[in-house]
Every structure is written in C-alpha cells, then in structure tokens.
Amino acid sequence: MRLDTGLGAERINCIVALNNARAVLSGTTSPIGVLTNAFEGFDESTMTPIPDSCEVITSGECSVKTSSCVAGDWFASDASGQAVKVETGFALGRILADPVDSVALCVITPVYLA
C-alpha cells in the first residue's frame, strides 16, 4: 500500500497507523502495518514538490524494529513505532525469528489475545 506520510527513511521497519489518509507512527492510533520504504520526489514538469510518500506492508512477513520481543512473542507497538511484547489484548503480529540488530521477522495478523 502506498500512502502519504511525513516519516523519513529513519522510520523504515517501524509500525505505522493511518491518520487523515497519512501514515503516522502508531503510538496513539490503531496500527495497520510496517513502513517498508519512504521517498520524496519533485515533479519537474510543474516544478512542484511531490508530497512525502511511503510503502506499507499490511500482511505477510516483513522486518520490524523491536527492543523487547523475541521469537514467538506476540507484539503491538509503542509510541516510537517499535514492536513491544503483548500477552493480552490487541496484537499486530508474531515474531517468527530471533532479532538481528533489533530487527525481527514478523507476520502482521491482527488478533485479540485473551
């Protein structure tokens, strides 16, 4: 999915939400996926900037930044868009492999943990 955003490349692999048709960090809104690419352009024919945009993965396997998850953990996100472990309530996905340099493989499958 391609969305407008104000997030830069330093937020790649962070969990994002949708707010007013823009991708934002998911700290206060429901997460929709993980930022996989962020770019900015310029339309030379009209000499106007193209709004910041990004690509977000909303299902399947992807990389996600995490400081507190390990293989097998269900996760949600914190205010900085990083994966944090959850044991009850809403979970965005599950860590499938051990983190490498704070990046782990995950599946985005929103579920409610009892």
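Please read all numbers here as calculations on a predicted model, not as lab measurements. Here, residue 1 is the first one in the sequence, and each next residue gets the next number.
- Residue pairs satisfying the salt bridge (charged side-chain N to carboxylate O under 4.0 Å, His left out) criterion with at least one member in residues 76-92, sequence neighbours excluded, are listed as follows: D73-K85, K85-E87.
- Nearest heavy-atom pair, A71 versus A97, reported as atom, atom and distance to 0.1 Å: CB-C, 4.0 Å.
- Here L3 pairs with M1, L18, A23, I32, C54, V56 under the side chain to side chain contact (heavy atoms under 4.5 Å, CB included) rule; sequence neighbours left out.
- The two residues G81 and L25 come nearest to each other via the heavy atoms CA-CD2, 4.2 Å.
- Of all non-hydrogen atoms in V103 and S63, the two that sit nearest each other are CG1-CB, 3.3 Å.
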* Where do Q82 and T66 land on the side chain to side chain contact (heavy atoms under 4.5 Å, CB included) test, with the steps shown first? -> CA-CA 5 Å; Q82 291 198 14; T66 176; 5.6 Å; no
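- Between the side chain of T58 and the main chain of G33, no donor-acceptor pair closer than 3.5 Å is present.
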* To do: List the steps, then state whether side chain to side chain contact (heavy atoms under 4.5 Å, CB included) holds for V64 with N13.
  => CA-CA 5 Å; V64 62; N13 296 329; 5.5 Å; no
Would you give me the side-chain donor-acceptor pairs under 3.5 Å for residues 89-96, sequence neighbours excluded?
unit_1: R94; atom_1: NE; unit_2: G72; atom_2: O; d: 2.8
unit_1: R94; atom_1: NH2; unit_2: G72; atom_2: O; d: 3.3

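- Nearest heavy-atom pair, P31 versus I15, reported as atom, atom and distance to 0.1 Å: CB-CG2, 3.6 Å.
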* To do: Show the numbers, then the answer: is there a side chain to side chain contact (heavy atoms under 4.5 Å, CB included) between V16 and S26?
  => CA-CA 5 Å; V16 295; S26 64; 5.6 Å; no
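- The shortest heavy-atom contact between V34 and I108 is CG2-CD1, 3.7 Å.
- The minimum heavy-atom distance linking I12 with N37 is given by the pair CD1-CA, 4.2 Å.
- In this structure the side chain of W74 reaches within 4.5 angstrom of the side chain of V111, judged on heavy atoms.
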